[in-house]
K.L.:
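Structure incoming, see below.
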2 protein chains.
Amino acid sequence: MKAKVTAHDVARLAEVSQSAVSRAFTPGASVAPDTRERIHTAARQLGYRPNAIARSLITRRSRIIGLVMSYLENQFYPVVIERLCQALQQDGYHVLLFISETEDADNVLKDILQYQVDGIVMASTTLSSALANDCIHAGIPVVLFNRVAQIGTLGGYSTSSVTSQNRDGGRLVGELLAGNGHRRIAWLAGAENASTSREREAGLCDALSAAGLQLHARGVGHYDFAEARRAVLAMFRDPASRPDALFCANDHMAIAALETLRTELGMRVPHDVSVVGFDNVPQAAWPSFDLTTVQQNVEQMVDATRTLLFQQIGGEVMARSVAVPCVLVERGTVRASGVARRPIQNETHETPETT
Amino acid sequence: MKAKVTAHDVARLAEVSQSAVSRAFTPGASVAPDTRERIHTAARQLGYRPNAIARSLITRRSRIIGLVMSYLENQFYPVVIERLCQALQQDGYHVLLFISETEDADNVLKDILQYQVDGIVMASTTLSSALANDCIHAGIPVVLFNRVAQIGTLGGYSTSSVTSQNRDGGRLVGELLAGNGHRRIAWLAGAENASTSREREAGLCDALSAAGLQLHARGVGHYDFAEARRAVLAMFRDPASRPDALFCANDHMAIAALETLRTELGMRVPHDVSVVGFDNVPQAAWPSFDLTTVQQNVEQMVDATRTLLFQQIGGEVMARSVAVPCVLVERGTVRASGVARRPIQNETHETPETT
DNA sequence: CTGAAAGCGCTTACAG
DNA sequence: CTGAAAGCGCTTACAG
């Protein structure tokens, strides 16, 4: 528990100036090799580590990215945190994590701004206009992850975003279901104001129209387990007009739907009804669910986020939106058509080569 | 994208000194009410926010806590992150998140130390002795979450930790299973060197001894889904000596076990074999699993972590270990004895009052 | 290659 | 209650 070791202490021991110490720890700075060696030895001896706070103050770069999340129960987000955090660590950045319910988002942002983060990734709430203004004002790059800015919210400015090609993803599912002979296709939305949900629904409807169909039923689950359950019960209340397929805006709700259909309504999946999700969370591959879904490519989404972030940190001012392709992962929750389609096991969560 | 607004800018506009501006933003500092008012107005007008980096430099308090995690696939950890992060935000602290595989833990720690965090919560790897030394050297409080320090690793120093009463938890399960008439009770360990796993196993064995039993079989799943599956297949290979109960060191592995037993071995739970987990993750309550488990009280664990952290930040030097009580949550994966025990539904993940 | 000096944006005794 | 001044631990022109 000694007093903190500073560059001055190291300088004294190595008999150089404090500037030299600083240079010895700055990649690319001009220091004689043996000087640097001497300094590093002294530093090691004293247990010196450059103070990143002091460095940030003078360089005006904190190398900290603020990551704003809301609920982590949907297993998609832990995966995102893990990947994003690791990638940014390798880039020499660090992640200051904020958990924010929609209501206090503004307070959270105030906190973030005080910490002089170099950029912000928002993977939770939609950005309020006040926040957006603050960020633009402060010149802090913001990237929306898995959502896009609502037009009009930002007073003319737009904000960069990274999403999947949600509409295409929705269309793939619509084509699969319609092509398989489903005729009473239902949609379980996330939140009505969530771009992810709206886009996926639009894609679904595109495919249905093309097949001469329209949505048979529609519910809203707010991306929540219990709410999804209620919505499913409502959609399936009338046995005479039950859907023969249910596409859910994410896997989290699709799993809730599976549970509800089986346990509470006694329905067999896919025999009585097909179910499809979106995300491809780890649980979707568990045998109990074996859920057909659309995979969001987290790897690519994270890469795009880093690229956008660094471009903006580097001075690029144009906001850009990147949409990453997604792919259908066919598992066991969709009834195969009588025709020719055989169920394809695209992916399993484990390699059973060893027993 | 204007230049950053500083206290000087505000001072100029409000016609006061820069010191006054600082005081106006320091709770409890002596400023005349109308001066403060004038300053806040000017600040609002300019969009001023105190620079937390500069403040940290001079106060030598960053109000940042480093949180070190490894894998987030086990749903217990996202829950911990969420709770801990929210609690610390309310305490005026923020969380710098590090994802660290066991190997690069030392590099991660170097990063953390440079950021002058006020404290560290380690919820992943065991602390290497080098790290521990660095932290003690630097006088940075460390709290281990859900694990305890390995004796000897720390060169005589000990490190604070927060865990559940894991041995008691293990004992509860042992008593439940033995009391229910199970006689061939197996244990699926996490990692051999993990204190959580060892303690839970010890508790189980306590109860078995008391009942005149001993462990029937034993596997190691390394807290991993695929490895747990392999271990289960190995333990159940011989139909003649199959366990009649399996206690897994956490829910994540218990779910893997359920899947494997049902899907690959065609066994019915709990008819053919009982399964118990540990943690009570959200998935444990899903109808497909309906897993009997031991609940770790995350709320209390987080509270204890904050208390320990703040005590140490406040100068307390003695390391303390807190063990929080845990409770058995009986669901549907344990066979009831012929005698009198009826299955008690302690908890469900949703309230079915509304349909 | 190296050192002296200025300064990043704050907080905090110290006078008044 | 308020201001002038020192200083937190660094980086970075600027000379030499």
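Each chain gets a letter, A, B and so on, in the order its sequence line appears, and its residues count up from 1.
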K.L.:
Does anything in residues 9-21 of chain A come within less than 4.0 Å of DNA chain D? Heavy atoms only, and list the residues if so.
P.N.:
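A:Q18, A:S19 - these, ordered by number, are the residues of the stretch whose heavy atoms sit under 4.0 Å from the strand.
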
K.L.:
Kindly assign one of parallel, tilted or perpendicular to the pair B:F25 and B:H40, based on the angle between their ring planes and the thresholds 30° and 60°.
P.N.:
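Taking B:H40 first and then B:F25, their aromatic rings stand perpendicular (interplane angle over 60°).
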
K.L.:
Which nucleotide span of DNA chain D, 5' end to 3' end, has atoms closer than 4.0 Å to non-hydrogen atoms of chain B?
P.N.:
D:dC1 to D:dG9

K.L.:
Quick check: on DNA chain D, is the nucleotide nearest B:R60 upstream (toward 5') of the one nearest B:R23, or the reverse? Name the residue that is more 5'.
P.N.:
B:R23

K.L.:
Regarding A:S56, tell me which of base, sugar-phosphate or nothing describes its non-hydrogen contacts under 4.0 Å with the strands shown.
P.N.:
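Contact class for A:S56: none.
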
K.L.:
Can you measure from CZ (A:R306) to CD1 (A:I65) and round to the nearest 0.5 angstrom?
P.N.:
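These two atoms lie 11.0 Å from each other.
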
K.L.:
With a 3.5 Å distance limit and no angle check, can you tell me whether A:T196 reaches the backbone of A:R147 through a side-chain donor-acceptor pair?
P.N.:
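Side chain of A:T196 to backbone of A:R147: no pair is present.
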
K.L.:
What is the distance from atom OG of A:S164 to atom CD of A:Q296, rounded to the nearest 0.5 Å?
P.N.:
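Output value for this atom pair is 3.5 Å.
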
K.L.:
What do you reckon, are the aromatic ring centroids of A:Y77 and A:F145 less than 6.0 Å apart?
P.N.:
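A:Y77 vs A:F145: aromatic centres not under 6.0 Å.
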
K.L.:
With sequence neighbours left out, write down each residue that passes side-chain hydrogen bond (donor to acceptor under 3.5 Å, both in side chains) with B:Q86, or none if nothing qualifies.
P.N.:
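If we apply the side-chain hydrogen bond (donor to acceptor under 3.5 Å, both in side chains) test to B:Q86, skipping adjacent residues, the hits are A:E101.
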
K.L.:
Quick one, A:I81 and B:L97 - any side-chain contact, counting heavy atoms below 4.5 Å?
P.N.:
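Touching, per the 4.5 Å side-chain cut-off.
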
K.L.:
With sequence neighbours left out, what residues match A:V298 under side-chain contact (heavy atoms from CB on, under 4.5 Å)?
P.N.:
A:F76, A:V79, A:V80, A:R83, A:V302

K.L.:
What would the secondary structure line of DNA chain C be in dot-bracket form, counting Watson-Crick and G-U wobble pairs under 3.5 Å, with [ ] for pairs that cross earlier ones and | for pairs with another strand?
P.N.:
|||.||||||||.|||

K.L.:
Can you measure from CD1 (A:I120) to CD1 (A:I140) and round to the nearest 0.5 angstrom?
P.N.:
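Atom-to-atom, A:I120:CD1 and A:I140:CD1 are 5.0 Å apart.
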
K.L.:
Applying side-chain contact (heavy atoms from CB on, under 4.5 Å), can you list everything that pairs with A:Q89, at least two apart in sequence or on another chain?
P.N.:
A:C85, A:H94, B:F98, B:I99, B:V108

